[in-house]
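Encoded as structure tokens, the structure appears first; notes follow it.
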Amino acid sequence: MSFRTGLLSLAATGIALAVAAGAAPASAQESVKIGLILPMTGGQASTGKQIDNAVKLYMQQKGDTVAGRKIEIILKDDGAVPDNTKRIAQELIVNEKVNFIAGFGVTPAALAAAPLATQGKIPQIVMAAGTSIITERSPYIVRTSFTLAQSSTIIGDWAARNGIKKVATLTSDYAPGNDALNFFKQNFTAGGGEIVEEVKVPLANPDFAPFLQRMKDAKPDAVFVFVPAGQGGNFMKQYAERGLDKSGIRVIGPGDVMDDDLLNNMGDAALGTVTAHHYSAAHPSAMNKEFVAAYKKAYGNRPGFMAVSGYDGIHMIYEALKKTGGKTDGDALVAAMKGMKWESPRGPISIDPETRDIVQNIYIRKVEKVDGELYNVEFATFEAVKDSGKTKK
Ligand code: PHB
């Protein structure tokens with residue numbers, strides 16, 4: 001090698017090094033983009049609002065820079081319509097070059113985006129939808145919400161063991177409603193309970209009146225109800241209007257129907273309702289007390305279970321970025337999330353490294369008045385509950 005070519009190659013190496021070294025600061029200035037796809041309008045808007053609020057609150061508390069990179073949220077409203085979700089996810093991935101897609105207010109929306117997460121090798125953080133199969137639809141899906149199997153199996157056992165013998169079921173007629181129904185039924189009937197009637201109502205604008213009217217005559221010990229977040233208030237209003245609260249027919253279910261977001265406006269008809277769920281605004285931990293106070297201060301009302309999933313979802317993204325040193329390679333991020341453990345306002349949680357699904361405590365709660373307000377007061381805890389509803393084990 002002549003002196004000259006030596007210099008040249010040294011120079012070339014120098015350039016290569018400079019480019020390599022320069023790449024870090026250049027990308028450090030580039031923001032990490034999170035496409036947040038939520039129903040901000042329509043029947044599921046309360047879910048979108050809660051998650052958006054919680055993500056904003058977290059970022060105010062923790063700052064908007066992680067591992068040297070600024071976090072940019074691109075919020076898009078899909079109205080919970082899966083065709084919109086798909087189109088929006090595509091646009092975000094192709095045009096905006098987002099590093100994460102997140103949100104997903106209903107199961108069909110989460111499922112619609114799954115193939116795009118796989119193709120783009122982009123983490124898809126499910127912050128709301130609760131059907132078991134969701135995490136099986138893409139190796140890039142990680143869930144911080146819940147599954148209906150987690151809560152419905154537990155309330156099924158509880159009902160059978162607590163003197164409830166005959167139950168009529170009312171479930172929203174789509175995937176999570178079917179999960180809720182099937183897992184409740186399995187456990188309740190295995191414990192000796194009997195299902196006397198099964199009614200499914202449409203997801204959009206359900207009318208509960210005909211079911212409630214029949215219940216007055218049929219007089220089961222309890223009605224098992226799954227309606228998605230946002231619909232519980234309407235259900236309880238109709239239940240009370242028909243005097244069912246005075247009929248001795250109890251309401252049981254996963255906690256969606258008693259969402260803290262709406263609970264305090266349901267009136268005394270809700271008192272005594274027992275549900276199984278992963279989050280109550282009355283969860284007595286220091287962290288939850290702080291979370292509830294901060295959320296109330298920022299937004300004027302208490303957080304519901306959707307807010308908590310959003311808060312944990314953005315936390316998981318922050319922590320994954322810390323682990324990868326700010327790198328946004330999808331496989332590395334998903335690997336960083338697998339097995340992650342942290343304390344949430346709901347209690348201790350983790351991500352199952354095999355299924356990428358949330359592992360969390362499920363609490364049995366009863367609606368009681370505390371300082372003049374209605375709360376789901378937890379009285380029994382099932383620790384570290386995994387989803388039992390996967391098709392593949
Ligand atoms: C869902 O669509 O998966 C879903 C939505 C709201 C809930 C539960 C499940 O409260």
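First listed ligand is number 1; within each ligand, the first listed atom is number 1. Since this is a predicted model, take the numbers as computed values, not measurements.
Between V126 and V142 there is no side-chain heavy-atom pair separated by less than 4.5 Å.
Here's the thing with A129: none of its N/O atoms is less than 3.5 angstrom from an N/O atom of ligand 1. Between G130 and ligand 1, at least one pair of N/O atoms sits closer than 3.5 Å.
Within the structure, ligand 1 lacks A175 among the residues with a heavy atom less than 4.0 angstrom away. Within the structure, the closest approach of M306 to ligand 1 falls below 4.0 Å when heavy atoms are considered.
Of all protein heavy atoms, the one closest to atom 10 (O) of ligand 1 is D256 OD2, 2.5 Å. With hydrogens left out, the protein atom closest to atom 6 (C) of ligand 1 is P228 CB, 3.4 Å, a heavy atom. Scanning the protein heavy atoms around atom 3 (O) of ligand 1, the nearest turns out to be T107 OG1, 2.5 Å.
The pair E198-K185 meets the salt-bridge criterion, since a charged nitrogen lies less than 4.0 angstrom from a carboxylate oxygen. Salt-bridge annotation for K237 and E241: present, with a side-chain N of the basic residue lying under 4.0 Å from a carboxylate O of the acidic one.
Near F226, the atoms of ligand 1 lying under 4.0 angstrom from a non-hydrogen atom of the residue are 8 (C), 9 (C). Close contacts between ligand 1 and F305 involve ligand atoms 10 (O) [criterion: under 4.0 Å to a heavy atom]. Close approach of ligand 1 to G105 (heavy-atom distance below 4.0 Å) involves ligand atoms 5 (C). Every atom of ligand 1 with a heavy atom of Y174 under 4.0 Å away is listed here by number and element: 1 (C), 2 (O), 4 (C), 5 (C). In the vicinity of V106, heavy-atom distances shorter than 4.0 Å reach the ligand 1 atoms 1 (C), 2 (O). Atoms of ligand 1 found under 4.0 Å from any heavy atom of A229 (numbered from 1 in listed order, with element): 6 (C), 7 (C), 10 (O).
When each of D352, D312, D357 is checked for a salt bridge (charged side-chain N to carboxylate O under 4.0 Å, His left out) with R143, only D357 meets the rule. Here the options are F291, Y363, Y375, the test is ring-ring contact (aromatic ring centres under 6.0 Å, His included), and the partner is H283; only Y363 passes.
One hydrophobic cluster, built from ILVMFWY side chains closer than 4.5 Å, cannot hold both L244 and V167; they sit in different ones. Residues I74 and Y58 fall into different hydrophobic clusters, defined by Ile, Leu, Val, Met, Phe, Trp and Tyr side chains chained together at heavy-atom separations under 4.5 Å.
At a heavy-atom distance under 4.0 Å, only side-chain atoms of F146, from C-beta outward, approach ligand 1.
Relative ring orientation between F146 and H278 is described as parallel, the plane-to-plane angle staying below 30° on a 0-90° scale split at 30° and 60°.
In this structure, the separation between CZ on F184 and CG on D179 is 14.5 Å, given to the nearest 0.5 Å.
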